[in-house]
Structure formats: C-alpha cells, structure tokens
Number of protein chains: 4
Amino acid sequence: MPSSSFLADKVRAVSAKRERRKEARPGELLDAALDLFVEKGFAATRSEEVAARAGVSKGTLFLYFPSKEELFKAVVRENMSGHFPDWNKEFEAFEGSTPDMLRHVMRTWWERIGATRLSGITKLMMSEGSNFPELAAFYQAEVVMPGHELLRRVFRRGVERGEFKPIDIDMAVYTIVAPMIFLMLSKHSSNICMAPSIELDADKYIALQAETLLNGVCSPTGSGA
Amino acid sequence: MPSSSFLADKVRAVSAKRERRKEARPGELLDAALDLFVEKGFAATRSEEVAARAGVSKGTLFLYFPSKEELFKAVVRENMSGHFPDWNKEFEAFEGSTPDMLRHVMRTWWERIGATRLSGITKLMMSEGSNFPELAAFYQAEVVMPGHELLRRVFRRGVERGEFKPIDIDMAVYTIVAPMIFLMLSKHSSNICMAPSIELDADKYIALQAETLLNGVCSPTGSGA
Amino acid sequence: MPSSSFLADKVRAVSAKRERRKEARPGELLDAALDLFVEKGFAATRSEEVAARAGVSKGTLFLYFPSKEELFKAVVRENMSGHFPDWNKEFEAFEGSTPDMLRHVMRTWWERIGATRLSGITKLMMSEGSNFPELAAFYQAEVVMPGHELLRRVFRRGVERGEFKPIDIDMAVYTIVAPMIFLMLSKHSSNICMAPSIELDADKYIALQAETLLNGVCSPTGSGA
Amino acid sequence: MPSSSFLADKVRAVSAKRERRKEARPGELLDAALDLFVEKGFAATRSEEVAARAGVSKGTLFLYFPSKEELFKAVVRENMSGHFPDWNKEFEAFEGSTPDMLRHVMRTWWERIGATRLSGITKLMMSEGSNFPELAAFYQAEVVMPGHELLRRVFRRGVERGEFKPIDIDMAVYTIVAPMIFLMLSKHSSNICMAPSIELDADKYIALQAETLLNGVCSPTGSGA
DNA sequence: AATGAATGAGCCTTCATTCAT
DNA sequence: AATGAATGAAGGCTCATTCAT
C-alpha cells in the first residue's frame, strides 16, 4: 500500500492528537473498503460490511461517501490515481539510462501495485467494469491514461536520447502493460488458471519481460541489457 | 462457438415441424444466457432478461432449468465441458510432431474459445467464482481440470517421443494457460489494460508464446522452433 | 374407502370394457387427490403432482376439474357427502334398540371414515378451512350438517321410543362428535400430541365413549348397555 | 397470553423515551406475527402482511428476524417455550395433593395457552408441521417435550407419594394431552366439528376429563376426587 | 380427449440509501 | 458528527391455470 493517505493528510492538518480516532475515520473506511472490494468485488461488497470492518455504523459511511460508487472512486484516488503527481515527479527526476529507467518502472509498479492488495482493483475493473460504466470511465481517465502517459514518457525519453529506436510508442506501452496485468490477474485467480500449487515468480517474470522488450527497442548502440 | 449442440441434438430426434418451437427452447435459452452472462456477469444477469431475450416468459426459463446456477452449468456443459470427449479424441489422433501439436492446440483453443463469446465465461469465472463456490467447483472440475489434462498429455507425448526435455509438466501447462487467459481477458477489458485504439493481435501473440515455450522445452535434437 | 364411486358410476353406464382406462380417469384423479390432500394438506398439494400420481398430464386434470377447489369438492362428494343418501337409508332401516343403533353409528363412522384416509379430510378442514372459506362452507353444508342431522335422528328416535330421556339433542350430538373428531385428529398428528410410540386403541376408546354417553342419556327403564 | 415478554424485557432495560418505538418493534412484530400465524397458518401468512400489521415496512421485519421461519420460532419462544423455566419452578413449588396438582395443571394450561391465541399455534403445528420439518422439530423439542416432561413429573410425584397407582406414565400423559389438544382445535374450527351455535364449555370438559383420569389412576386410599 | 409448453401473479429475501434522533 | 432504524425497489423462484396442437 502506498505510504501516505491523501484524504487523511488533509484532515490531519487540522487535527490534534487526542482526536486521532475521529480523523482516522475516512482512512479506516477506505482501508476496509479496499479490503472488501478486492476480496469480493464491487457489486458483492455490502456497504454495511465496509462500515462494520471500519468499526463504524452504516450511516457514518454515507456521511463520508455519498454512495458506494463514490466510495470506490475515493479508494482508487487514495491508493492509485492520487499518487500520479508524485510518481511523475519521481520519474522526471530519474537520472540513469532509459533502459534502467524502464526496468525501474516495472519493478516499482510491481512493488507498489502488483504485489499489494491494489492488484485486486485492476482485476475488479476488468471483471466488473462493464457493469458500472461510470466507474470504468473514471478508472480509465484517472488510472489507465495517466499510467500509460507515464510509460509513454519513458519511451519518448529513450527515443529522444537515442537509446531507443524510433518505435511505435503506443505499441511499446502495451508490451509492458500486458504482462504486468497478466501477472496481477494471476495473483487473484490462481484457482482458475493454474494448479493451486504453482505460484509464478513475479520478479523473474518481470525481469524476463523487461529484457525481451529492451532487446527489441534498444538502438544498436544503446546501453540496454 | 462449438459446432453442435448437445441438448438440441437429443431433442431434435423426436421432433416434428410444429414442435420446432418447443425443441428449440433449451438451445435458445442457453444461447441467450451465454450472451447475457458474458455481457453482464453471473450475478448481474437477471433470469427474466434471459427469458425475454429468448422470447419467452420468466416461468418458461424455470421449466427448462431449475435455477440460475443450473442454467449456468448447462451453458458451460453445452459449450465447453461437453466437448472434451471430442477434443480428446481429436488430439489423440494427431499425427504430426509434438511441437506442431502444441502450436495446433493453442490455435485451436483460441479459435474455439478465446475468439468466441466463450472467453467471457472464463472472465466470469475469474471475477465471480469466489462469490459462487458451487459454480467455481463445477467449472474447476468440468473445464479446468480436463483442459489441463489435455495439455499434460501433449507434453507427456513430447517427452516420451524424445522431442521435449524431461520438463516439469505442470509448470509447462501453466506456461501455456497463462498467456491464453490473459488474451481472453484482454478481449473483454481492452479499455482497462490498453489504449482503446490498440487491439492485440491474438494470432501473433499466440505464435510468439508458442515459440518462446518451445524454445525452452524442446530437446536439442528436437524438431521444434 | 367407500365401496362405490359416484362419478365413476355415471361414466361406467356409458362405457365398454376395453375403454376402462379412459373412464377410470376421474376416479384415478380423485384417488390421487385424496392421497395428496391427506398427506400434504390442500394448499401444499400441487396440481401437477395429483396428475402425475394419477398417471396423466397436468392439462388432463383441468379437463375434468376446473380448479383445485373443485377437485377438492369432488373428492369430498365422492367419498363423503355423496354417501349420505345411502347412509341415511341404512340407518332408517335399522331395527334394533336405539342404544345399539348409537353404538353401531359410532363404529360405522370409525370404520368408514375415521379408520381410513378420509379422517385426513376432517383434519384438513380443521386446519385449513379458514384459509379457504368457500371450501369450509361447502364442507359445512355437505358433510357436517348432514352428519349431525343423521345423529340427531338417532337421538330423536331414542327419545320418541322412550329409550332416552328428553335430552338436549344438539348437546348430545356434540358429545358424540367431539371424541370421534379427537380420535381422527390423533391419527394424523401423533407426533405433536403424544409420544411417537403410543397409539390409541380406537375401538376401546369409542366403546368407552359410547357407554359413558348412554349412561347419561338412557331413561331409567331403557335397554342401554 | 403469558404475562411478560422475554425479548421486550431485555430491550426495555436499555431504553429511553424517544426510543420507545425501536424497542417496541420486536414485540409488535411478534404480536402481529402471532395474530397472523394463528389466523392464516404459517405458509399462508405473508411476511409483508406481518410487517404491515406491526406498522412497519417489509424490510423492517427482516431487520429483526432473518426469515419467516425464525420469526415463527421467535413467536414460539416468546410465548411458549420461553416460559417453561418459570412454569417448572411454579409446579415444583406446588404443595397440595397430587390430584389437586393435576387439576391445577390442566386448568392453568387452558388459561395460559388453550384459551388464548396460542392454541392456534398448536393447531398450526398439527396442520403444517409436516410441510416444514425444521419448524416441526423445533416445536417438538422446545414445546412438546418440555410440556410432556412437566406432566410426567406430576405423575411421578403422585406415584412416589403413594397417591397414584403404579401407572404407565407415558400413557397417563397422553390421557391428559389428548383432550386438551382436542379442545384447542375445537376453538379454531367450531364450524367443522359442531353446530355453529354450540360452543364447548371448556372448563366443564376439562374438569370432567380430570376426574375421569383421576378415577383411573388414584390408588384406593388416595385423596382423589 | 389429451397433452405439456407457456404464462404471470405472487411471495420471500437482500441491500443501498435516507433520516429522525 | 454519529447512529442505526426504516425504507422499498429489485430479483429468484413457484405454481394454478390456459391453450395451441
């Protein structure tokens, strides 16, 4: 899970120590909601259960979030889309080679999203997105597009610095996204796609995918691999 | 979509002209159900809507299938699990090299399942399986296990004929299953995992995965790749 | 079960031997219906099951009886109310003493109704009568009132012949009816009112009730007991 | 009707004025449910109607009782089985002769159950028990068995104190239960078992049954009658 | 006369959301 | 701010009855 909480940060500024409980409410609700959305999906998660897991009453949930859909959006903002400004800055400041940057991006993605509960959100959107068009549009706009844009910037940097060949950038983005998504889905559906006993080694898989990709995009004189 | 209908075949034998309506019912219902399950998922598909799409009333659906869960199972049987006997025979009769057989299996899988509405069933099970344990168990027993067994037989053949190295067969099976599942999911969630404009070229992707796999499993003297 | 079938009698008059099957329909349906009404009650008996037990289709049932209520009425007519003319004649012809007649009435009631499936109809009416007012009214008019009238005639005979004291006849009728009903209910509800192992000896109980009653109503010079 | 309410008692302890509504709910619902179960039977009572009679909406009923069956069980517990501890104590403290105790038990039974709406529950179980096996088992365990045990204790006391002959106690219990059940059923079906104008005098009937029974079980030197 | 496919009103139960306290 | 009682629309399933063949 990402280290800081947006909503909580705002509230915390106004708070004193003894009131920690009250101000923690939204954060506790978001945390409980994330757990349950990941565990059961959007439709099958009951508002009351979210409230109960956060230790508050049903009414309180609706005090902070006007609907289940808004609760979901807040979960996504808190844990994913809200972090893009930071992530963008972080990668703008990257100083190494672009192949190294690409490796770093993929590892970071796995650490912050793939390996955490958040991978369940990706799975959820792929499964239930079509039943909740507004959520799908929100997720597309606030997560998918910024994420792809971040990746595009990496490839553009590589091309501009002469490290990458003049590739089709959208296609290249997809070549990263596809195996990452695949890895995240595997985590949440091992009973359907593989023998229960087998667990994929994500780090190796990612490293392999990265090198395969770099092999294809690096210019002959580049510092890839 | 598979070419012949099990239920319909049985009923058809008894039919006359004026009864075309009656005997077509189960097939029409299964067809409507498949459409809706794929479009909306299991929980979000309403019985009445299935009936309406098949042109009958709510009650009629329950005349043929005693519950929504049984309807789903019938859809799976009709379109997937019911075909394993044929598919098994088909592959037992395969006469080419095992690498070619593997390529053939993957292409066939894509043609008969992945590229059709049926890929939606796989997606459905991955997203809703945990909310409907009985369905999950049914799907696991009637689709996942026979499918894996079919693949295992291919690998065993390769090993026995000296075309493949003495590999970990379960792991090898998974190496096929994983990208196929990913491809199927992508079809149903293209807006989530990639830019809306980009469509994955399934055939190329499958071919690539096949060659990558063969590269790893073929014995040095084998005819792979 | 009473020996002859009214409906069947009418139909039989027109019938030939080889058509026995067709003409037996109504009787078979009534027989199946009686079984099921007794076993499950009126509301819980499904039309289809009646038809199935009679070996015909659902539609055929409604061909003979326009509704479930009419089917029930037909069952009652066939097995109970329809026999009152005969029973009345039978008792008008009785030649012994009135105390003997009373004993005979009670024994006969038990043999023909109480000891047979028909006691279940009495239980059914007591349980479900209030939910089906039309059936209750029908039963009241066609069974209860004629039955009470038959008993009243016995008491009137006793009084007129000087065998009985000038008693309150309605009250006397009730003194017979109560234990008979009680006995019939016991048969169908042994799990509720008594230990499953204990079974009441109906004949002794009836004899006892008869003598107790006669003890109270016989005039001092009467030939009771 | 029993004098105090179990559920209500517990809730009342926590209550304030404005909450009178809330705490009264379970009691109101149980009361409405008892009315309707007695009036229409279990199957024919619609959840919504229970709610409406209690002045709440359909959903509210399920807030307090998770299903119609549980509602019924709660009605039985509140009004019948929940009182056995008190009743047992009450009779353990009885100090008179055992024949008097038996007369008292029967009168009390009539006052607290037979003469109240609760006799309708007995009727309901006799008619619908076989259609709802779980309810039947519950009633058997929580009402029938404790009730019979109470009666058995009375007879054992009589035998131990030398007031009764060494009788078959199970048989004796049945000799009490049977006429009580009959009386209760009569109340709810007077149009079936007797002329509408005649109403059975329960007290006299009970007294008569008691003396008849005592006549049979009292030891020659006993203080019966 | 017989069939059995088809209907649709009716009932239990769930759950997101509201609102008086 | 917090509660949790209350609501009511929605959905799965049943079954008496109809009707085309």
Side-chain angles (χ1 to χ4, degrees), chain A residues 19 21-23 25 43-52 55-71, chain B residues 16-19 21-26 43-51 54-71, chain C residues 19 21-23 25-26 43-52 55-71, chain D residues 16-26 43-51 54-71:
Chain A
E19 289 164 353
R21 207 57 186 286
K22 193 154 71 185
E23 276 112 33
R25 280 288 136 75
T45 292
R46 293 184 307 122
S47 304
E48 187 159 23
E49 204 174 354
V50 173
V56 301
S57 75
K58 214 180 343 182
T60 304
L61 172 61
F62 284 89
L63 209 59
Y64 289 97
F65 307 99
S67 74
K68 201 165 85 161
E69 294 217 342
E70 287 303 320
L71 172 63
Chain B
K17 280 166 219 160
R18 58 184 176 184
E19 287 162 358
R21 214 59 191 282
K22 171 181 81 183
E23 59 189 56
R25 275 291 128 74
T45 292
R46 290 182 299 121
S47 303
E48 190 159 19
E49 204 175 352
V50 174
V56 300
S57 75
K58 202 174 11 176
T60 302
L61 172 61
F62 289 92
L63 216 54
Y64 292 94
F65 306 98
S67 72
K68 202 166 83 161
E69 295 218 344
E70 288 303 320
L71 172 63
Chain C
E19 288 164 354
R21 206 53 186 285
K22 192 154 69 183
E23 274 111 35
R25 279 288 137 75
T45 291
R46 294 184 304 121
S47 305
E48 186 159 23
E49 204 174 352
V50 173
V56 301
S57 75
K58 213 177 348 180
T60 303
L61 172 61
F62 285 89
L63 209 59
Y64 288 97
F65 308 98
S67 73
K68 202 165 83 159
E69 294 217 344
E70 287 304 321
L71 172 62
Chain D
K17 282 164 222 161
R18 60 185 176 182
E19 288 163 357
R20 190 179 308 153
R21 213 62 191 281
K22 171 181 81 183
E23 57 189 59
R25 278 289 128 75
T45 292
R46 289 183 299 121
S47 302
E48 190 159 20
E49 203 174 354
V50 173
V56 300
S57 75
K58 206 178 358 180
T60 302
L61 172 61
F62 289 91
L63 217 54
Y64 292 94
F65 306 98
S67 71
K68 203 166 83 160
E69 295 217 344
E70 287 305 318
L71 172 62

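Sequence lines set the chain letters: A, B, ... in the order given, protein chains first and strands last, and positions in each chain run from 1. None of these values were measured; they are calculated from a predicted model.
Heavy-atom nearest nucleotides on DNA chain F were determined for D/Leu61 and for A/Thr60, and the one closer to the 5' end corresponds to A/Thr60.
In this structure, of F/dT3, F/dT7, E/dT7, it is E/dT7 that holds the atom nearest to the side chain of B/Ser57.
Rounded to whole Å, the distance from CG on C/Leu63 to C1' on F/dT21 is 14 Å. One atom, CD of B/Glu49, and another, P of F/dG11, lie 9 Å apart when rounded to the nearest Å. Atom pair B/Phe65:CZ and E/dA5:P shows a separation of 13 Å (rounding to whole Å applied). For the pair C/Leu71 CG and F/dC15 P, the interatomic distance rounds to 16 Å; values are reported in whole Å.
Contacts of C/Ala52 classified as side chain to side chain contact (heavy atoms under 4.5 Å, CB included), with partners at least two apart in sequence or in another chain: none. Listed by chain and number, the residues in a side chain to side chain donor-acceptor pair (under 3.5 Å) with B/Thr45 amount to none (sequence neighbours excluded). Here C/Ser57 pairs with C/Thr60 under the side chain to side chain donor-acceptor pair (under 3.5 Å) rule; sequence neighbours left out.
The shortest heavy-atom contact between B/Ser47 and B/Phe62 is OG-CZ, 3.8 Å. Counting all heavy atoms, side chain and backbone alike, C/Pro26 lies closest to C/Phe65 at O-CZ, 4.3 Å.
Sequence neighbours left out, the pairs with a member in residues 56-71 of chain C that pass salt bridge (Lys or Arg N to Asp or Glu O under 4.0 Å) are C/Glu48-C/Lys58, C/Glu70-C/Lys73.
Taking side-chain N and O atoms only, A/Tyr64 has a distance below 4.0 Å to OP1 or OP2 of F/dA2.
DNA chain F contains the following stems of three or more consecutive Watson-Crick or G-U pairs, with both distances under 3.5 Å: E:2-21 with F:2-21.
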With 3.5 Å as the limit, what N/O pairs link the protein to nucleotides 10-14 of chain E?
unit_1	atom_1	unit_2	atom_2	d
E/dG10	O6	B/Lys58	NZ	3.0
E/dC11	OP1	D/Arg46	NE	3.2
E/dC11	OP2	D/Arg46	NH1	3.3
E/dC12	OP1	D/Thr45	O	3.1
E/dC12	OP1	D/Ser47	N	3.4
E/dC12	OP1	D/Lys68	NZ	3.1
E/dC12	OP2	D/Ser47	N	3.0
E/dT13	OP2	D/Lys68	N	2.9
E/dT13	O4	D/Lys58	NZ	3.3

